[in-house]
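The structure appears right after this line, and notes come after that.
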Amino acid sequence: MSGRKQHFIPQSLLRGFGRPGKGDKIQVVVYTYERGIFTAATDGIGAERNFYSELSVAGGDETLDDKITNYESPMSEVIASLRQMLSGEAVESLAAAELVTHLIIRNDHFRKSMSSAGSALFGTLVGTLTEEDQARAMLGVTGDKPSAMFNDVLQEELAKVGPLLELMGMSREAFGELAYAHVQANFGAFHSEIKGPLMEAFTGKEEQLAEVAASAQRKNLEKAGMSPLLRVEQLSAFRWRVAESNMTLVLPDCVAVARDGNEAMLPLMLADAGEASAVFMPVSANRVLVGSREDEQPLPDDLNEAFASCSWDFFVAPERTPELEALRAKLRSASAQFVDETVSGAMSEVLAKNAGDEHQG
């Protein structure tokens with residue numbers, strides 16, 4: 001039966017990056033973004049109270065954590081077998097794809113990166129909407145005619161008062177033009193009134209982001225399953241093998257990374273698996289599960305740097321060394337940059353589309 005402390009990175013994986021501690025416990029060195037560097041047993045790392053679900057009740061329905069715990073048993077055997085394989089030995093593609101998919105969709109890195117994306121989006125929206133000129137551009141009220149965004153909202157409202165306009169002998173088009181002209185002329189006063197409430201509204205929503213991300217992850221695991229088919233199919237197209245590393249490897253909290261079409265390394269969960277050229281998931285401190293489009297390729301010399309920069313909160317290793325301590329400064333860098341660039345790009349597209357709509361109008 002599962003308990004209250006629920007691992008988002010299974011201990012069967014964590015143990016491959018540790019050393020024997022007291023009793024039957026395995027100790028790992030944890031390099032964190034905010035809490036420094038410390039040593040801990042695997043039963044206390046990569047876990048959180050009720051991360052997936054509340055504690056199950058005898059005779060009650062199977063909880064999400066129960067389902068994940070049951071799924072882990074055969075998965076742990078797969079991980080153990082990978083650690084015993086020779087370097088270069090091929091791995092059955094479907095088995096590798098299912099394992100990697102499950103491990104990347106269940107962890108906390110997914111929640112943290114999604115929460116960060118939401119926070120960045122809200123921050124950008126607040127910055128845009130609280131500046132009058134940018135708010136005009138964002139809402140599409142800068143040109144002679146309304147943008148498609150503004151017009152869609154306007155048409156919805158006009159549909160509600162259509163009968164009244166008919167009684168007044170005014171067409172929707174004429175009233176719409178008057179309404180748009182009024183909004184343009186009085187936008188400054190309108191903006192001053194809504195700026196404060198907007199900031200309060202976004203602040204309130206931002207505080208809820210962590211729970212929204214957690215709820216979305218739980219629902220996805222319940223509905224799509226422990227290894228969603230589409231991602232499994234994408235990763236099954238890779239050629240999988242085990243590769244031995246001549247350096248001590250770390251385990252990132254994102255579990256696996258991908259080399260994208262631009263040769264950049266990203267957490268696999270954030271990457272487009274259909275465009276990725278290679279995937280790397282460490283299974284122990286000296287073994288990596290590698291998926292590639294082409295024949296066998298050497299492991300990147302900077303693989304640990306990729307693992308560290310793609311991590312969000314931490315990475316673990318069996319030892320503490322100056323080289324690994326230096327990598328702590330890389331934590332979150334690739335993930336945060338990807339999130340920021342994605343949000344910035346999306347906002348730029350919205351503003352550009354509104355500008356284009358107005359120009360065409």
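Throughout, numbering of the chain's residues begins at 1 and tracks the sequence.
A donor-acceptor pair under 3.5 Å is absent between the side-chain atoms of Ser215 and the main chain of Glu211, judged by distance alone. Proximity of a side-chain donor or acceptor of Trp240 to a complementary backbone N or O of Ala95 within less than 3.5 Å is not detected. Between the side chain of Asp253 and the backbone N or O of Phe314 there is at least one donor-acceptor pair closer than 3.5 Å. One N or O on the side chain of Arg83 and one on the backbone of Val283 form a donor-acceptor pair closer than 3.5 Å. Between the side chain of Gln6 and the backbone N or O of Tyr52, at least one donor-acceptor pair lies under 3.5 Å. The backbone N or O of Lys112 lies less than 3.5 Å from no partner atom in the side chain of Ser116, so there is not a single donor-acceptor pair. A donor-acceptor contact shorter than 3.5 Å links the side chain of Asn304 to the backbone of Thr248. Arg35 contributes no side-chain N or O that, together with a main-chain N or O of Val30, makes up a donor-acceptor pair within less than 3.5 Å. No donor-acceptor pair under 3.5 Å is formed between the side chain of Asn262 and the backbone N or O of Ala264.
Note on Met75 and Leu94: separate hydrophobic clusters, where clusters join Ile, Leu, Val, Met, Phe, Trp and Tyr whose side-chain heavy atoms are under 4.5 Å apart, directly or indirectly. Val78 and Ile68 fall within the same hydrophobic cluster, defined by Ile, Leu, Val, Met, Phe, Trp and Tyr side-chain heavy atoms under 4.5 Å apart, directly or through other members. By the criterion of side-chain heavy atoms lying less than 4.5 angstrom apart, applied directly or through intervening Ile, Leu, Val, Met, Phe, Trp or Tyr residues, Leu249 is not grouped with Val91; the two fall into different hydrophobic clusters. In the hydrophobic cluster analysis, where Ile, Leu, Val, Met, Phe, Trp and Tyr join through side-chain heavy atoms closer than 4.5 angstrom, Met269 is grouped together with Leu251. Residues Trp312 and Met114 are members of separate hydrophobic clusters, defined by side-chain heavy-atom contacts under 4.5 angstrom among Ile, Leu, Val, Met, Phe, Trp and Tyr.
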Could you check Tyr31 against Glu325 for side-chain contact (heavy atoms from CB on, under 4.5 Å), going step by step and ending with a plain yes or no? CA-CA 7 Å; Tyr31 297 78; Glu325 288 179 6; 4.1 Å; yes
Would Lys5 and Glu48 count as a side-chain contact (heavy atoms from CB on, under 4.5 Å) here? Give the steps. CA-CA 5 Å; Lys5 184 185 288 185; Glu48 187 176 303; over 6 Å; no
May I have the step-by-step check of salt bridge (charged side-chain N to carboxylate O under 4.0 Å, His left out) for Arg241 and Glu89, ending in yes or no? CA-CA 5 Å; Arg241 75 181 197 282; Glu89 192 170 347; over 6 Å; no
Would you please test Glu222 and Arg218 for salt bridge (charged side-chain N to carboxylate O under 4.0 Å, His left out) and show each step? CA-CA 6 Å; Glu222 287 279 13; Arg218 292 172 185 136; over 6 Å; no
Run the side-chain hydrogen bond (donor to acceptor under 3.5 Å, both in side chains) test on Glu62 and Asn70 for me, step by step, so that the C-alpha distance in whole Å, both residues' side-chain angles and the decisive distance to 0.1 Å come before the verdict. CA-CA 10 Å; Glu62 188 178 41; Asn70 293 334; 2.7 Å; yes
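Closest non-hydrogen pair, Ser115 versus Ala210, comes out as OG-CA, 3.5 Å. Smallest separation of non-hydrogen atoms from Arg231 and Ala271: NH1-O, 4.3 Å. In this structure, Val257 and Ala306 approach most closely via the heavy-atom pair CG1-O, 4.3 Å. Residues Leu14 and Val28 approach most closely at O-CG1, 3.9 Å, considering heavy atoms. Contact detail for Ala40 and Gln27: the closest heavy-atom pair is C-OE1, 3.2 Å. Nearest heavy atoms, Gly274 versus Arg293: O-NH2, 3.2 Å.
Residues Met265 and Phe280 meet the side-chain proximity criterion, which asks for heavy atoms closer than 4.5 Å. Within the 4.5 Å cutoff, the side chain of Thr101 has no heavy atoms near those of the Glu98 side chain. Looking only at side-chain heavy atoms (C-beta outward), Ser309 and Pro252 stay at 4.5 Å or farther from each other. When side chains are defined from C-beta on, His109 counts as touching Ser335, because their heavy atoms get closer than 4.5 Å. With contacts defined as side-chain heavy-atom distances shorter than 4.5 Å, the pair Glu244/Arg287 qualifies. Put simply, the side chain of Phe338 does not reach to within 4.5 Å of the side chain of Ser113, judged on heavy atoms.
To the nearest 0.5 Å, atoms CG (Asn107) and CG (Leu13) are separated by 10.5 Å. Asp302 CG to Glu305 CD: the interatomic distance, rounded to the nearest 0.5 Å, is 5.5 Å. With rounding to the nearest 0.5 angstrom, the CD1 atom of Ile37 is 8.5 Å from the CG atom of Leu324. How far CG of Leu299 is from OG of Ser245: 6.0 Å, rounded to the nearest 0.5 Å. Here the CZ atom belonging to Arg332 is positioned 12.5 Å from the SG atom belonging to Cys254, to the nearest 0.5 angstrom. For the atom pair OG of Ser311 and CG of Leu331, the computed distance is 5.5 Å after rounding to the nearest 0.5 Å.
Between Phe315 and Phe307, the gap from one ring centroid to the other reaches at least 6.0 Å.
No hydrogens or angles considered: a donor-acceptor pair under 3.5 Å links the side chains of Asp66 and Thr63. Between the side chains of Tyr71 and Ser227, at least one donor-acceptor pair of N or O atoms lies under 3.5 Å. A donor and an acceptor atom, one from each side chain of Gln11 and Thr42, are located under 3.5 Å apart.
With respect to Ile105, the side chain to side chain contact (heavy atoms under 4.5 Å, CB included) criterion is satisfied by exactly one of Leu268, Val255, Leu221: Leu221. If you run side chain to side chain contact (heavy atoms under 4.5 Å, CB included) between Glu72 and each of Arg106, Met226, Lys67, only Arg106 comes through.
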